[in-house]
Structures are given as structure tokens and as C-alpha cells.
Amino acid sequence: AQSVAQPEDQVNVAEGNPLTVKCTYSVSGNPYLFWYVQYPNRGLQFLLKYITGDNLVKGSYGFEAEFNKSQTSFHLKKPSALVSDSALYFCAVQRSNDYKLSFGAGTTVTVRA
Amino acid sequence: DAGITQSPRHKVTETGTPVTLRCHQTENHRYMYWYRQDPGHGLRLIHYSYGVKDTDKGEVSDGYSVSRSKTEDFLLTLESATSSQTSVYFCAIRGIGGANTGELFFGEGSRLTVL
């Protein structure tokens, strides 16, 4: 079995401040990890993924995430948040020998001007 | 644009009626998925397909069936809709030639309301 926990339903930050969205996972074997963003009434858009290699992954729109195997975490970060980053963010995990992706419940990010 | 079209985009139906949602892709991808999105649950996998006539169950497959008679179309059927199946349904395809390292690309969603 595999699962993802996003411990915060909501994250609120001021524009220009750092943004962190937390994610922890549970999976047997090596994990593949993904972050997606969803804007209102839209489908999910891919932000970044960790497959192997460097634990720090850089993705779209200035986002990055760090894979921490010992803490089974894959937190999403952005050094300076924008109002346009306000959206619903999903973390997802997959076993390296599988094709099924499991998603967390999502974290709503609000960036205030 | 990943070339995914879902239809219908919105549907209201009554309990006990059959409903079919269609996912059409133009990219010739092998892997296709159906998820449902509900508040507090994120996205949950219903069924997925790894080729024509090859499908497998996800974590919430009860009450749903799927069919894939050609590469470009993946159909999700609710044989007898229930109110618990009111949800937003998303189709997805896997990129990068179908390798399991590829990310999923999602359609715009189909909002289903069962009265």
C-alpha cells in the first residue's frame, strides 16, 4: 500500500515571503514523488517530480522540493510567494515498479498581497 | 495542452440511471486513468488502462466499470448512479512514452451530480 499525508489543509502567507507546503509519504520500496497544482475549475498541472538523483528538485514557476528519505518527506517550497500562487496543491507518490499514482488530500495556499 | 478531452463537462442525473463519461486523447498514449476528486480526499484512482482492452482497478472501483476499445478513448460507466458518486471526475494520461517515470497529464474534469 502507498499513501500521502499533507498535514496542513491551508497555508497562508504574505506575498514575498517564503512558501512551504508539507508532504510525507508511505510506500514500499523506492518512491517516485510528484507535486501538482490546481487552479479553480481546472485540471491538475504538473509542477515537479523526484525520480532519482539529486534530492533537491526544481520545477515550474520557481518551485522546488526536497526529497528526504529518512523523514519520508517531499516538501514543496518557493523562496518568494506571489499572489498568483494561490491555488490547491497536491503531493503524490508511486512505487518505482508500478504505474498507479496516489494523491494526498491537498493543501490550499492563499498568498495575500 | 496534452490533447485530452473529457465529455460531458457537466451532467446532472437521477439515482439509478446509467452514466458514461468519455475521455479522448490525441497523443496515442498507452496509459490512461480515471480519478475522482472529493473535498478532504484529494484524488482517488477509480480504474486505469495500460492498453486496448487492458484495464485494472484502483482504490475506489466499486460501482464503476471502464472500457477501452481503441487507444484514444477510455470510457467510465456508472451502471446505476448513486448520490455518493456525485463528484468531479478527471481523466489523465501518462507522458514520456508511457514510462512509469513520466508525469500524468490531466483533462479539465467532468462534474457529475446525482440527485
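Lettering of chains follows the sequences in order, A, B, ..., and the numbering in each one begins at 1.
When the side chains of ILVMFWY residues are joined at heavy-atom separations under 4.5 Å, either directly or via intervening members, Val37(A) and Phe90(B) end up in two distinct hydrophobic clusters. Hydrophobic cluster membership is shared by Tyr89(A) and Tyr61(A), with clusters built from Ile, Leu, Val, Met, Phe, Trp and Tyr side chains linked at under 4.5 angstrom. Using a 4.5 Å cut-off between side-chain heavy atoms of Ile, Leu, Val, Met, Phe, Trp and Tyr, with links allowed through other members, Tyr35(B) and Leu75(B) fall into different hydrophobic clusters. Residues Leu88(A) and Leu82(A) fall into different hydrophobic clusters, defined by Ile, Leu, Val, Met, Phe, Trp and Tyr side chains chained together at heavy-atom separations under 4.5 Å. Hydrophobic clustering (side-chain heavy atoms under 4.5 Å, transitive across Ile, Leu, Val, Met, Phe, Trp, Tyr) keeps Tyr25(A) apart from Leu56(A).
The number of heavy-atom neighbours closer than 6.0 Å to CZ of Arg9(B), taken from other residues, nucleotides and ligands shown, is above 12. More than 12 heavy atoms of other residues, nucleotides or ligands lie within 6.0 Å of CZ in Arg95(A), so this atom counts as buried by the packing criterion. More than 12 non-hydrogen atoms from other residues, nucleotides or ligands lie less than 6.0 angstrom from CG of Asn97(A).
Using bins of under 30°, 30° to 60° and over 60° for the plane-to-plane angle, the ring pair Phe106(B)/Tyr36(A) lands in the perpendicular bin.
Residue contact with chain B, scored on non-hydrogen atoms closer than 4.5 Å, is absent for Thr52(A). Using a 4.5 Å cut-off between heavy atoms, Arg44(B) makes no contact with chain A at all. Contact annotation for Tyr50(B): neither backbone nor side-chain heavy atoms come within less than 4.5 Å of a heavy atom of chain A. Within the 4.5 angstrom heavy-atom criterion, only side-chain atoms of Leu45(B), from C-beta onward, approach chain A.
Between chain B and the options Leu101(A), Val4(A), Asp9(A), the largest number of non-hydrogen pairs under 4.5 Å is found for Leu101(A).
Of all heavy-atom pairs between Gln38(A) and Gln37(B), the closest is OE1-NE2, 2.8 Å. When all heavy atoms of Leu43(B) and Phe103(A) are compared, the closest pair comes out as O-CB, 3.6 Å. Ala105(A) and Gly40(B) make their closest contact through CB-O, 3.6 Å (heavy atoms, listed as atom of the first residue, atom of the second, distance).
The OG1 atom of Thr101(B) sits 13.0 Å away from the OH atom of Tyr50(A) when rounded to the nearest 0.5 Å.
A donor-acceptor contact shorter than 3.5 Å links the side chain of Gln94(A) to the backbone of Asn100(B).
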